[in-house]
Amino acid sequence: MSESSDIFAGSTLQTADLKPFQILAPDGRPVREELIPDLEIVEELYRRMARARYLDDKFMVLYKSQRLGNYAQFGGQEASQVASAFVLKAKDYVCPMYRNTAAMITHGWPIEKAILYWRGHPDGWRIPDDLNIMPIIISIPGQIVHAAGVALGIQAQNLGAVALSYIGEGGTSQGDFHAGVNFAAARKAPAVFIIENNGWAISVPRKVQSGVDYLMRRAEGYGIPGYLVDGNDALAVYTTAKKAVEDARVGNGPSIIEQLTYRVRPHTTGDDPKAYRTEDETNEWIANRDPIKRLKLFLEYEKRWNDDREVAMQAEIETEFTAALEAADHAPAPDPMALLDYTMIEPTWQLEEQRATLQARVAAEGGAA
Amino acid sequence: MSESSDIFAGSTLQTADLKPFQILAPDGRPVREELIPDLEIVEELYRRMARARYLDDKFMVLYKSQRLGNYAQFGGQEASQVASAFVLKAKDYVCPMYRNTAAMITHGWPIEKAILYWRGHPDGWRIPDDLNIMPIIISIPGQIVHAAGVALGIQAQNLGAVALSYIGEGGTSQGDFHAGVNFAAARKAPAVFIIENNGWAISVPRKVQSGVDYLMRRAEGYGIPGYLVDGNDALAVYTTAKKAVEDARVGNGPSIIEQLTYRVRPHTTGDDPKAYRTEDETNEWIANRDPIKRLKLFLEYEKRWNDDREVAMQAEIETEFTAALEAADHAPAPDPMALLDYTMIEPTWQLEEQRATLQARVAAEGGAA
Amino acid sequence: MTQVIDKPVGQQETRPMTMAAALTDAMDVALTRDPKVIMYGEDVGRLGGVYRITTGLQAKHGEARVFDSPLSEAAIMGTAIGAAAVGMRPVVEFQFGGFMMPAFDHIFSHVSRYRYRSRGRWKTPLVVRFPVGGGLGLLEQHADSPEAYLMHTPGIKIIYPSNPYDAKGLLLAAIESDDPVFCFETIKLYRDPKLRQDVPTGYYTVPLGKARIAREGTDVTIIAYGGMVQPAEAAAEAAAQANVSCEVIDLRSIVPLDIDTIINSVQKTGRAIVVHEAVRTGGVGAEIAALIQEKAFYSLEAPIERVTSFDTMPSPFNALNHFSRPEAHHIAEAIKKVLSA
Amino acid sequence: MTQVIDKPVGQQETRPMTMAAALTDAMDVALTRDPKVIMYGEDVGRLGGVYRITTGLQAKHGEARVFDSPLSEAAIMGTAIGAAAVGMRPVVEFQFGGFMMPAFDHIFSHVSRYRYRSRGRWKTPLVVRFPVGGGLGLLEQHADSPEAYLMHTPGIKIIYPSNPYDAKGLLLAAIESDDPVFCFETIKLYRDPKLRQDVPTGYYTVPLGKARIAREGTDVTIIAYGGMVQPAEAAAEAAAQANVSCEVIDLRSIVPLDIDTIINSVQKTGRAIVVHEAVRTGGVGAEIAALIQEKAFYSLEAPIERVTSFDTMPSPFNALNHFSRPEAHHIAEAIKKVLSA
Ligand SMILES: Cc1ncc(C[n+]2csc(CCOP(=O)(O)OP(=O)(O)O)c2C)c(N)n1
Ligand SMILES: Cc1ncc(C[n+]2csc(CCOP(=O)(O)OP(=O)(O)O)c2C)c(N)n1
Ligand SMILES: [Mg+2]
Ligand SMILES: [Mg+2]
């Protein structure tokens, strides 16, 4: 692919052919035996991915019965999110976007909070005090720049932590993707940027976003490592994220990891992909490249898994989720004052006036305020 | 420099070592004899670069005597601007930034207009009807995105033209650099993006902007060619720009060209570089790497140039400039209504009211309106 | 309820349309009439936009004229400027109003000034469309109403339709305008069945800068636009029960602003309320209040009231939306207030 | 001419300072007091910023705390949010006010909402400083006054000093504020020798939201801020010759806005003029006019006047600047107008 014009000494064009890094083939067989992590870890990854999948399935059900708002599903991207967030320590920060529920619960977000968040309940918006998760960002791709800033703050305070941020392949077309990554790279700040290339930005296919074959080639332009990874191979994701995070932690600066995966589900629960892509394409990924199935097959080959364990695990997952749902269902009705709380630490008189208006409106409705 | 980790099949990091493309060495000797363009062209380039230098020198003098506003000098970057804009046809578009006076006059901007522009005179802001030069952009780097749009318009109307835009190396850190280049690359629109890397963004040295060695490596991330060029070698600039422009014209899409040059003069006439860089650094460029001297030496070796021709040329340049200055000096005093003209094609009533206010104010001052 | 004025005489064929359908139809007409019109944005091609307002246009007019762009509002806006300058008439879409901000440098620094900057050499006849407003329990940032940012930015026009007929006519006028125009489309109105009305299928325009008197009245003037016209009308209807006669003005466009209609009305009623969904401080309501007191000072019998959202983020808390986003009963309170002043 | 109020009692040492020097001193004090304070932006390190407001700070406090950033306002703003959230107190600089727009998504979508969005988990105590205003014959885009865009954006504060004492005290209060603050610095005032005054060399703050009565008066209230305070004072002085007594209010901060001082004054004078350099439509003047008529309706004896720049690009035409940018004699006309109403 390299343009070796003999005239232009200094020209470049996609100088290296790239293949996504894999440890497990889609059928679960190791292709890089020597890189298999400790099997305890593999098992734990499997459990957490299964747990995430269960949540994603349940959220769809809750949405359909109007017990959840419009929700951005991650189903099919469990390896990509879980196996990467899994490498973090508690002191590390996740800077999430809307599709990162799996990464967030992996970093410790309580499922109950996730339910409340996607119900638009104030208690869901509150990030628990001990959790280093930044607010979910909807305006694409603010989180990338915030992550660079978190990394700057980590660096300045010598916290020994890392900021991990995610972005969709569509989001990489935004100017801020560039501005944020470049800033972090220029200052060697401890950030890791994961591009979850799930093939689609709502209805827009990957190829519309850019003329380049792989988006991690952008790393070349920042002087930082870029990794191309099979994003449905949990072990490849884990291994790469671990390297990138530890590199960042020791002061080697940021990396970009492109994880090739697929959004097998609609963009959000409100979307219908039939309008823009074939079911065949989707079904192929579901049938042959499911990240959870792949890991399970591997564990089965390794004799680390069987039906009994599966059944027990699923029961555990269900119990946990059911308890979380119950807790969420019992959350008090949102306090209407939440509309104005937290706008400012020192509210303006205008906000105080509006608070009085709000109180009056609530009272008129027979509310509590 | 390439990171050939045997673990990560898909990793990249600055895979190729790069050297700037050169045709002439700094001493004027050809290093790529076979690539010397027609000597007529070389002579014309020399004349135009000398003309540009003369203007830049004069503008400094005019500024000092308060006959010009604060002006962004290009002195030292003549090869970079003149030899690139020179490859354009009249139907091609230049999307300039504030430092591109040399490129603009090369594409046909009358010197008289340039003087008026930098005097803040309305007649200088008006771009003549037959000239395909877009407005000078100050907010960095709007022109890059506009160029992508001009290229889109060219493509849609099959105009067979190309949009050429310039940006400083500092400007490449902006999000919009990325958004604009990526858009053009994704649509294979006929645009060429020249990074004039003159070492400094006001007081900020190149290395602060990014961790990468050469900014043209960004091209890799858009799947387009990137060229690294000795920006003080007019023939290398010319040859590269020609290739990039003709590639764009025939539908091969955009390129990024990084031209290594140096801002030997202050950022603008109002700046004093002593505050942030050594005079040695600057003097080295002036003494050993001046683009005009290099071309002259070459022409002299080739026996295409001598003192008589030099004297005659300088006289011509002076005559032209003097006439332009005279014309500019005789431009009518700016019509105060220029303050509101051209804000809207269909002005709002507010603008009409303000027009009346303006008229009254002008009248009160004994003005013409 | 919605009265249509300015209906072109002699216009024959009509079809019942929602606001969404009327907007789609406007673009179809524009694409058909003028080969310089192109449309792009995120998801506008195959999908027809997340609200399906460009549905069918790519299929009918081809991928060269209606296409998906990379995900970058700055690129969408900035390239529209360049393309418009060299002869096209781009009609581009942002996916939501709140997502215009990555493009804001191109709005503030460029689209507003490109013509001025070149002293008329380059004009930028382009239209930017986007859904705005809340009340639908969507995610955060899907309910913003950023018109005041644009109103404070010279050189551009702003349309804000409240019904299908106006939507089509205003959008066609916007596409025809040589000044750049921003088109605010209230999500809540897109498919509101109450608004469905007979709209001419052919070409017509509704002139920019002419407000519509949605309801005549003599006691209080209520000034609204977009999604706030309905609650204003509802409040007026309710007030009528109590023998209070409200005039409801639907601005249709914010720039140009039909000051004559506003002032005439306030001179008659002596009392004014401005309603908008955007946050209060520094909103369009402030400008209109400032203008009214400037131009109808001696007619005013009560302070001008503003009914707006609170000065905070548009609520992502589904259950609480209705406490902040103006509703008919909030306007009713304002009516009481201006009457008791 | 400039009266200083709120001078902390017992403050001993002072030094004569221009506004530029006072701002530099404020930052020096902040860097010395609080290790969490860091400063970055374009050219702020070695050069000390294009207006040299950060001069000497890198040399004194080190490159780790005062540094040049890549040329990207979005990166500057966005990283300041992240860094502030995890414990720093960034004080960042945009090179000019008009250049904040590439960062506007981070302003509109993020810095204003980050705390709200996390329901208090993350706060963003940061300050963004930048030079604004014109009258100096600089290039285009070097004379903008974008405060109205920020005023309409909830969750942030805006300071706008008019003299050295306030500049230092407001900036220190801003750095201490746990809410994000935007600091507008009028270029024309930076080194205005008329403003040079004795300023305490130590730590002190001027509280945000308390306006300064720059001149007492009884006939007309003139509300101004930043670079407009001087022309307002000059107009008041001229009016005094004709026995018209003007009260001049220097707002000091736009958010919070000292509405009490404004309303008290208008209740006394019955006449109000708001002056700003920003374009007229949708400006801060509209909000203040709207508030005055809301809260002092029955005291008003004339329509509130606005003296502002025209609704167009701040003039790049050096010779013409003074026709648009408010000057004392424009304010004088407004005084006549409100008196003759
Ligand atoms: C600034 C901005 N513009 C537009 C949108 C609307 N939008 C939401 S999701 C989406 C597609 C994102 O695709 P991608 O980045 O690939 O992430 P994915 O949803 O596939 O995870 C768009 C355009 C947005 N959220 N923010
Ligand atoms: C959006 C924006 N931010 C800041 C500036 C102020 N500024 C003017 S020139 C300059 C440095 C530009 O350096 P570079 O891009 O290398 O171009 P050069 O001046 O060296 O040609 C800066 C920061 C600007 N013009 N626009
Ligand atoms: Mg995607
Ligand atoms: Mg430079």
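Order of the sequence lines sets the chain letters (A, B, ...), proteins ahead of strands, with each chain counted from 1.
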Heavy-atom pairs under 4.5 Å with chain C are the metric here; pick the option from [options] that has the most.
{"options": "D:Pro303, D:Pro102, D:Ala286", "answer": "D:Pro303"}
{"options": "D:Arg280, D:Met100, D:Arg117, D:Lys295", "answer": "D:Arg117"}
{"options": "D:Val274, D:Leu257, D:Asp311", "answer": "D:Asp311"}

Out of [options], which one racks up the most heavy-atom pairs below 4.5 Å with chain D?
{"options": "C:Ala290, C:Ser112, C:Ala289", "value": "C:Ala290"}
{"options": "C:Ala302, C:Ala148, C:Pro146, C:Ala296", "value": "C:Ala302"}
{"options": "C:Met151, C:Arg113, C:Glu305, C:Glu294", "value": "C:Arg113"}

At a 4.5 Å cut-off on heavy atoms, which part of [X] comes close to chain D: side chain, backbone, both, or neither?
{"X": "C:Arg306", "result": "side chain"}
{"X": "C:Ala103", "result": "neither"}
{"X": "C:Phe99", "result": "neither"}

Determine yes or no for a side-chain-to-main-chain donor-acceptor pair under 3.5 angstrom, with C:Gln141 supplying the side chain and D:Ser109 the backbone. no

Of the backbone (N, CA, C, O) and the side chain (C-beta and beyond), which part of [X] lies under 4.5 Å from a heavy atom of chain C, both, or neither?
{"X": "D:Glu140", "answer": "side chain"}
{"X": "D:Ala341", "answer": "both"}
{"X": "D:Phe310", "answer": "neither"}
{"X": "D:Ile288", "answer": "neither"}
{"X": "D:Thr153", "answer": "both"}
{"X": "D:Glu301", "answer": "backbone"}

Quick one: closest heavy-atom pair of [X] and [Y], and the distance?
{"X": "C:Thr281", "Y": "D:His152", "result": "O-ND1, 2.8 Å"}
{"X": "C:Leu300", "Y": "D:Phe297", "result": "O-CZ, 3.6 Å"}
{"X": "D:Gln293", "Y": "C:Ile304", "result": "OE1-N, 2.8 Å"}

Please say whether more than 12 non-hydrogen atoms of neighbouring residues, nucleotides or ligands are located less than 6.0 Å from NZ in D:Lys268. yes

Kindly state whether the ring of D:Phe108 and the ring of C:Phe104 have centres lying under 6.0 angstrom apart. no

